[in-house]
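Structure record follows, encoded as structure tokens.
We count ligands from 1, going down the list as the structure has it; atoms in each ligand are counted the same way.
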Amino acid sequence: MKSNKYSLEDVSDFWEKFSCGEIYASGSSPLENFKNETLARYQLEPYIKDFAEFPSYKDLDVLEIGVGMGSDHSSIASESPKSLHGIDLTPRSIQKTKERFSLFQLKSDLTVDNAEDLSFEDNSFDAVYSWGTLHHSPNTKKCFEEVHRVLRPGGIAKIMIYYKYSSTGFILWLRYGLLSFRPLRSLDDIFANHLESPGTKAYSFKEARELTKNFSDVNFQVQVSHADTFEGEVGQRHQGFLLKIAKNFYPKKLVRFIGKYIPIGLFFLITIKK
Ligand SMILES: C[S@@+](CC[C@H](N)C(=O)[O-])C[C@H]1O[C@@H](n2cnc3c(N)ncnc32)[C@H](O)[C@@H]1O
């Protein structure tokens, strides 16, 4: 199983500087900031709602791991779950999500916590949701074990992690492998050092099967993301002239078309049942 040299502290330091999606949170008031962030998110990534199926959380005990700015968390809260808990590694994300929930008068129990060692009893939840989080934690295998532990038998988890053999992986290899005169550099090393927080991982189908082997039902989908098509802000680490050119000339429609038939998207959408 994958391991790397980065610690939980490295990951936390990265996300504490700037929460995911914060770049879209601009408006004339704090309430507008949150509204605009959510609007931009679902415009750019309409597939989140299709995958998450937020209305399905009604009347369930739900945990979200890695709430970030709290957009998806508020979508879950709006569907009247029986109970809702949200955790994140960084105080910044928890504080932002608390602020959002207070402004929109939504309810959730929000705490700083670690996906690798959750502070919940076994069999606590009917559903666990986690978008773009577990691949950032140094021990992603442990995170999946924790999801299994806190889910009740028959409970469902919906998790997005990164898919390795994606168009984003290829572009990163072009930039940090081939064009850096290191064509033999591994994709694992490139993802760990050049995509978002230090030590970020991306998975093949075989590796994802290994992560989810304790679950009874497993469903995988690969989704072409906004990162694969250079739309929106592609991440805190990537800016500059080459990126501007790529944004204008990259064959977005072609990538999306191919992605319907061949798994080339960055987002690995995993639905698992305990
Ligand atoms: C890319 S952001 C995603 C946030 C949110 N789900 C979204 O889609 O906007 C990754 C988040 O994962 C959190 N995170 C990383 N490792 C974690 C861990 N071990 N436990 C809890 N949260 C973690 C980070 O603090 C960060 O807020």
Check whether the side chains of [X] and [Y] place a donor and an acceptor atom closer than 3.5 Å, and report yes or no.
X      : Y      : result
Tyr42  : Ser75  : yes
Lys273 : Ser216 : no
Asp189 : Ser186 : no
Asp10  : Ser7   : yes

By side chain to side chain contact (heavy atoms under 4.5 Å, CB included), Ala40 pairs with (sequence neighbours left out) Tyr24
Near ligand 1 (heavy atom, under 4.0 angstrom), the protein residues are Leu8, Val11, Trp15, Cys20, Arg41, Gly66, Val67, Gly68, Ile87, Asp88, Leu89, Thr90, Ser93, Asp113, Asn114, Ala115, Trp131, Gly132, Thr133, His136, Ser137
*Aromatic centroids of His85 and Phe125 separated by under 6.0 Å*: yes
